[in-house]
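Some notes on the structure that comes next.
All figures in this text were calculated on a predicted structure; none of them were measured in a lab. This chain uses plain numbering: 1 for the first residue, then up along the sequence.
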Amino acid sequence: MAMTEKELSEVTGGAGNWQQYAKGSYVNYGQYIVYNVVGGDVLSGIAIRFGVTVQQICQWNNIKNPDLIYVNQKLTIYPTILR
């Protein structure tokens with residue numbers, strides 16, 4: 001599910017044009033993405049996809065329990081790679 005224009009306008013941490021990446025994710029000049037969690041996602045899989053650690057995703061998104069994420073939850077990720 002892609003983010004709405006209103007949601008995009010409320011994202012903080014960067015300015016400028018957003019480009020759709022994949023599965024509802026958006027990338028802003030390669031600095032960070034806002035990833036929209038879909039069914040079947042787990043943090044370890046998301047971390048591998050973007051070349052970061054589960055601990056980093058938890059820190060960036062104030063996640064207390066790494067085993068508990070939700071469909072349509074938006075995660076800010078500062079990727080080292082994009083796959």
Side-chain angles (χ1 to χ4, degrees):
M1 173 184 208
M3 294 171 66
T4 66
E5 290 296 320
K6 182 178 184 301
E7 289 172 320
L8 287 174
S9 69
E10 293 173 351
V11 173
T12 60
N17 295 326
W18 290 78
Q19 295 178 341
Q20 190 163 12
Y21 171 60
K23 293 172 81 174
S25 300
Y26 287 79
V27 63
N28 183 7
Y29 300 124
Q31 297 172 0
Y32 66 91
I33 67 161
V34 177
Y35 182 78
N36 191 41
V37 176
V38 297
D41 274 341
V42 293
L43 283 184
S44 59
I46 296 169
I48 290 168
R49 177 182 296 158
F50 297 109
V52 298
T53 67
V54 170
Q55 293 78 12
Q56 287 173 311
I57 295 174
C58 290
Q59 179 182 3
W60 296 327
N61 294 279
N62 198 27
I63 295 173
K64 303 295 183 215
N65 182 351
D67 295 322
L68 189 60
I69 58 173
Y70 304 95
V71 171
N72 293 325
Q73 181 176 356
K74 289 165 183 56
L75 302 174
T76 300
I77 301 172
Y78 297 84
T80 57
I81 56 174
L82 290 176
R83 289 191 225 181

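- In this structure, CG in N61 is found 7.0 Å from CD1 in I77, a value given to the nearest 0.5 Å.
- Remark: N62 pairs with K64 by the side-chain contact (heavy atoms from CB on, under 4.5 Å) rule, at least two apart or across chains.
- Closest non-hydrogen pair, N36 versus D41, comes out as O-OD2, 4.4 Å.
- The two residues V71 and V38 come nearest to each other via the heavy atoms CG2-C, 4.1 Å.
- Contact record, L43 with C58: CD1-SG, 3.8 Å, taken as the closest heavy-atom pair.
- In terms of heavy-atom proximity, P66 sits nearest to V54 at CB-CG1, 3.9 Å.
- Nearest approach of Q73 to I69, heavy atoms of both residues: OE1-CA, 3.3 Å.
- Distance check, rounded to the nearest 0.5 Å: CZ of F50 to OH of Y35 gives 6.0 Å.
- Of all the heavy atoms in Y78 and W60, the pair that sits closest is N-CZ3, 3.4 Å.
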